[in-house]
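Each chain gets a letter, A, B and so on, in the order its sequence line appears, and its residues count up from 1. Side chains included, hydrogens not; waters and symmetry mates left out as well; all remaining heavy atoms used.
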Amino acid sequence: MMSEKEIKIESPRVRFAPSPTGYMHMGSARTALFNFLVAKKYKGTFLLRIEDTDSERSLPEYEADIFEQLRWLGLHPDEESIRQSSRSDLYEGVIKQLLSENKVFRCFCDKAELEEERQRQILEGKAPKYKGTCAHLTENEIQQKIDAGLPSVIRLRVPPQKTSFQDLIRGEVKVDLDLVGDFVIAKSEHQPLFHLATPVDDHYQGITHIIRGEDHIPNTAKQMMIFKAMGWNVPVFAHLPLILGEGGGKMSKRHGSTSVREYRQAGYLPEALNNFLVLLGWHPKDDREILSLDNLIAQFDIERVQKKGAVFNVSKLHFLNRHYMKQKSSDELLSLAALPDGMYEKEGKYIGKNGIQLTKQDLIKIIELGKERAHTIGELFSSALFLWEDFDYDAQLLLWKDYGAEKVRLALQQTLAVFEQADDASCKNQAIKLSLDDLSSDKGLVYWPLRVALSGLKQSPPPLDIVSILGKEKSIERIKKAICKLSTKF
RNA sequence: GGUCCUAUCGUCUAAUGGUUAGGACAUCGCCCUUUCACGGCGGCAAUACGGGUUCGACUCCCGUUAGGACCA
């Protein structure tokens with residue numbers, strides 16, 4: 001049975017350590033979030049470390065993206081970030097010490113031969129493992145090979161024993177080091193590999209808890225060996241389950257976006273993303289799932305994290321995003337949204353494709369209507385395109401229920417009369433509603449054709465809301481056009 | 001292929017030996033209503049399978065199956 005003792009975490013130092021080899025992935029964002037939450041909850045420190053030992057694949061553009069998205073999500077590191085590529089002296093020192101203590105050895109084996117050997121082992125159904133050819137060379141033999149100019153790598157001596165480590169989420173995880181073998185920690189004294197650089201930095205940065213994806217479980221055993229070889233304290237581990245794609249497999253481009261920036265560009269709010277991500281693998285005790293970052297800091301507990309991988313379910317993200325959009329004022333949303341396609345600002349007026357001139361107040365009104373319907377910031381304007389874009393529609397659309405064209409035309413004409421008698425102000429403040437309501441006992445007979453006349457759509461915001469933005473003249477123009485359509489078509 | 005990890009509604013999950021197996025999203029129905037949306041109310045829906053342990057298993061143990069990760 002798993003240990004029941006309460007997990008005590010005191011002033012933890014945790015780190016988020018991504019490799020800048022691509023735009024920040026949603027899975028990385030969640031790892032960062034969980035690290036951040038543990039740090040804040042237990043009054044600890046959250047650090048960012050860029051793991052760019054792979055100089056071929058690490059790009060400045062990707063590194064910048066990591067900083068940018070973390071900032072946007074509100075996951076600010078507590079200390080200045082470090083970059084592995086600028087700490088070579090540190091790794092070199094460790095490698096030299098390990099070399100002098102004979103805890104590592106130089107391996108001169110030919111790459112191609114090793115690969116051949118590995119293939120053979122796999123075919124035989126064994127775990128591929130280094131045989132130890134160079135593990136016991138004498139000083140002389142080593143010097144000879146070096147003098148002969150043979151290339152070499154540096155391997156750690158790994159005792160063939162069974163061991164285990166404690167994981168905050170999974171309990172004890174067992175590892176058979178015999179299957180690992182003497183693995184490569186550096187290409188040379190000056191070129192550390194991932195398995196060396198990571199534990200060295202974790203030690204020198206005083207990391208107490210390593211919270212990362214479960215894809216690192218196999219790495220943990222290796223990194224633990226470095227800690228032990230150096231006589232350092234091994235940190236506590238917590239391996240998060242992975243985020244899965246819609247089909248249950250790895251989250252991939254095929255099923256939609258995978259990077260934070262794509263969701264941001266599509267108009268998702270950081271509040272929604274954080275809230276969504278934390279629910280992938282964690283759940284609050286009281287079932288109240290709408291949680292701000294502050295709420296999360298108060299409630300989060302790493303021991304309640306799920307062990308199973310979680311499927312990335314976009315519809316819940318939609319739901320949360322809409323929730324947070326509704327919380328924001330329309331003013332605020334306007335500042336987050338880009339102007340609709342083709343619209344531009346000129347002297348405080350917003351000019352649409354069809355020449356319409358809107359005020360900022362109009363835009364705010366439009367967003368007020370849009371936020372009930374939009375899933376994302378990007379969709380905020382999409383329920384009102386007909387205001388500033390030309391449109392056409394089938395006259396058939398104007399008909400309400402099974403009333404004939406003549407009856408509808410009559411109703412529209414009466415509507416037109418009401419508009420013509422009203423002034424612009426009573427259009428904009430919807431005072432004309434009283435007169436329009438009086439026109440018929442069947443409100444649909446009045447409002448349905450009006451909706452279509454104004455928007456060209458069968459699904460739109462309420463007609464009077466449209467009128468309040470369009471004003472008297474533009475409304476009349478559209479109603480006349482509709483009457484004309486009815487007359488010619490029928 | 002080997003090693004490791006995992007298994008509750010379609011999805012995210014709650015319930016750590018005794019519950020009518022709870023909630024959220026999605027979905028469906030009803031109400032509101034001039035359409036869509038919002039909102040309100042309600043419905044459908046799960047312990048992978050087989051063995052144990054136990055008075056009693058979602059819960060503990062073993063096996064099977066399935067999925068995932070790593071080696072790549």
Asker: To the nearest Å, how far apart are A:R118 CZ and B:rA72 C1'?
Answerer: 8 Å

Asker: Could you please name the partner base of B:rC58, counting Watson-Crick and G-U wobble pairs only when both distances are under 3.5 Å?
Answerer: none

Asker: Looking only at side-chain N and O atoms, does A:R212 come under 4.0 Å of OP1 or OP2 in B:rA69?
Answerer: no

Asker: Using a heavy-atom cut-off of under 4.0 Å over every strand shown, decide if A:S460 touches base, sugar-phosphate, or nothing.
Answerer: base

Asker: Nearest nucleotide by nearest heavy atom, which residue falls closer to the 5' end of RNA chain B, A:Q306 or A:K433?
Answerer: A:Q306

Asker: Taking only the P atom of each, what is the distance from B:rA14 to B:rC9 in whole angstrom?
Answerer: 13 Å

Asker: Roughly how far apart, to the nearest Å, are B:rU59 and B:rC49 at atom P?
Answerer: 11 Å

Asker: Name every residue in residues 372-392 of chain A that has at least one heavy atom under 4.0 Å from any atom of RNA chain B, in order of residue number, or write none if there are no such residues.
Answerer: A:E372, A:R373

Asker: How far, in whole Å, is B:rA45 from B:rA24 if one measures between their C1' atoms?
Answerer: 14 Å

Asker: Would you call A:K129-A:D178 a salt bridge at under 4.0 Å N-O?
Answerer: yes

Asker: Considering the options A:R373, A:K371, A:E372, which one meets the side chain to side chain contact (heavy atoms under 4.5 Å, CB included) requirement together with A:S383?
Answerer: A:R373

Asker: Looking at B:rG39, I'd like to know if its phosphate oxygens (OP1 or OP2) sit under 4.0 Å from a side-chain N or O belonging to A:K326.
Answerer: yes

Asker: Write down the distance between CG (A:D176) and P (B:rG2), rounded to a whole number of angstrom.
Answerer: 15 Å

Asker: Using the C1' atom as the point on both nucleotides, what is the distance between B:rU3 and B:rC60, in whole Å?
Answerer: 26 Å

Asker: Between A:R157 and A:D182 (salt bridge meaning N to carboxylate O under 4.0 Å), is one present in this structure?
Answerer: no

Asker: For A:A482 and A:A453, work out which heavy atoms get closest and say how close.
Answerer: CB-CB, 3.6 Å

Asker: Which of these nucleotides, B:rU3, B:rC5, B:rA14, is closest to any side-chain atom of A:R170?
Answerer: B:rC5

Asker: May I ask you to say whether A:K407 pairs ionically with A:D402, meaning some side-chain N is under 4.0 Å from a carboxylate O?
Answerer: no

Asker: Using a cut-off of strictly less than 4.0 Å, decide whether A:K129 has a side-chain nitrogen or oxygen near OP1 or OP2 of B:rU3.
Answerer: no

Asker: Answer yes or no: side-chain N or O of A:K285 and base N or O of B:rA14 forming a donor-acceptor pair under 3.5 Å.
Answerer: no

Asker: Counting side-chain heavy atoms from C-beta on, which of B:rC4, B:rC25, B:rC12 comes nearest to A:V173?
Answerer: B:rC4

Asker: Roughly how many Å apart are B:rC32 and B:rC38, using the C1' atom of each and rounding to a whole number?
Answerer: 11 Å

Asker: Between B:rA26, B:rA24, B:rC70, which one does the side chain of A:P218 approach most closely?
Answerer: B:rC70

Asker: Between B:rU8 and B:rA15, how far is it from one P atom to the other, in whole Å?
Answerer: 14 Å

Asker: Give me each pair satisfying ring-ring contact (aromatic ring centres under 6.0 Å, His included) with a member in residues 424-481 of chain A, each pair once, sequence neighbours excluded.
Answerer: A:W400-A:W448

Asker: Of A:K316 and A:E115, whose nearest nucleotide on RNA chain B comes first from the 5' end?
Answerer: A:K316

Asker: Can you tell me if CZ on A:R120 sees more than 12 non-hydrogen neighbours from other groups inside 6.0 Å?
Answerer: yes

Asker: With a non-hydrogen cut-off below 4.0 angstrom, is A:P463 in contact with a base, only sugar-phosphate, or nothing?
Answerer: base

Asker: Would you mind pulling out the nucleotide paired to B:rC32, Watson-Crick or G-U wobble, both distances under 3.5 Å?
Answerer: none

Asker: Under 4.0 Å between a side-chain N or O of A:R322 and OP1 or OP2 of B:rA37?
Answerer: no

Asker: Of the candidate nucleotides B:rU13, B:rU3, B:rU6, which contains the atom at the shortest distance from the side chain of A:L179?
Answerer: B:rU3

Asker: In this structure, how many angstroms lie between the C1' atom of B:rU34 and the CG atom of A:L397, rounded?
Answerer: 14 Å

Asker: Could you state the CH2-C1' distance from A:W282 to B:rA24, rounded to the nearest angstrom?
Answerer: 13 Å

Asker: Output the rounded distance in Å from CH2 (A:W400) to P (B:rU33).
Answerer: 13 Å

Asker: First locate atom CD1 of A:I185, then atom CD1 of A:I226, and finally report the distance between them rounded to the nearest 0.5 Å.
Answerer: 5.0 Å

Asker: State the pairing partner of B:rG1; accept Watson-Crick or G-U wobble contacts with both distances under 3.5 Å, and report none otherwise.
Answerer: B:rC71

Asker: Under a 3.5 Å limit for both distances, which nucleotide forms a Watson-Crick or G-U wobble pair with B:rU53, could you say?
Answerer: none

Asker: Need the pair for B:rA66. Rule: Watson-Crick or G-U wobble, both distances under 3.5 Å, any strand; none if unpaired.
Answerer: B:rU6

Asker: Measuring from the side chain of A:H283 (C-beta onward, heavy atoms only), which nucleotide among B:rC25, B:rC5, B:rU13 has the closest atom?
Answerer: B:rU13

Asker: Pick one: which of A:Y268, A:F312, A:W282 meets ring-ring contact (aromatic ring centres under 6.0 Å, His included) with A:F276?
Answerer: A:F312

Asker: A:L242 CG to B:rC12 P: how many Å, rounded?
Answerer: 13 Å

Asker: Taking NZ from A:K222 and C1' from B:rA69, how many angstroms apart are they, rounded to a whole number?
Answerer: 14 Å

Asker: Just to be sure I understand the rule, does A:G281 reach a base, reach only the sugar-phosphate, or reach nothing, if contact means heavy atoms closer than 4.0 Å?
Answerer: sugar-phosphate

Asker: Does A:R106 qualify as a cation-pi partner of A:F108, given the criterion of NZ or CZ under 6.0 Å from the six-membered ring centre and within 45 degrees of its axis?
Answerer: no

Asker: Among B:rC12, B:rU34, B:rC4, which is the nearest nucleotide to the side chain of A:I217?
Answerer: B:rC4

Asker: How long is the line joining CG of A:D287 and C1' of B:rU13, in whole Å?
Answerer: 8 Å

Asker: Applying side chain to side chain donor-acceptor pair (under 3.5 Å), run through A:Q430 and A:D465 and close with a yes or a no.
Answerer: CA-CA 8 Å; A:Q430 302 193 15; A:D465 285 316; 2.9 Å; yes

Asker: For nucleotides B:rC31 and B:rG67, find the distance between their P atoms and express it as a whole number of Å.
Answerer: 45 Å

Asker: What parts of residues 443-459 of chain A reach RNA chain B, counting only heavy atoms under 4.0 Å away?
Answerer: A:K443, A:G444, A:Y447, A:W448, A:R451, A:K458, A:Q459

Asker: So, A:D442 and A:K401, do they make that salt bridge, N to O below 4.0 Å?
Answerer: yes

Asker: May I ask you to verify whether the side chain of A:E289 and the base of B:rG23 hold a donor-acceptor pair under 3.5 Å?
Answerer: yes

Asker: Could you please name the option among B:rA24, B:rC12, B:rG39 that lies closest to any side-chain atom of A:F319?
Answerer: B:rA24

Asker: Is A:R118 salt-bridged to A:E115, cutoff N-O under 4.0 Å?
Answerer: yes

Asker: In whole angstrom, give me the gap between the C1' atoms of B:rA72 and B:rU16.
Answerer: 38 Å

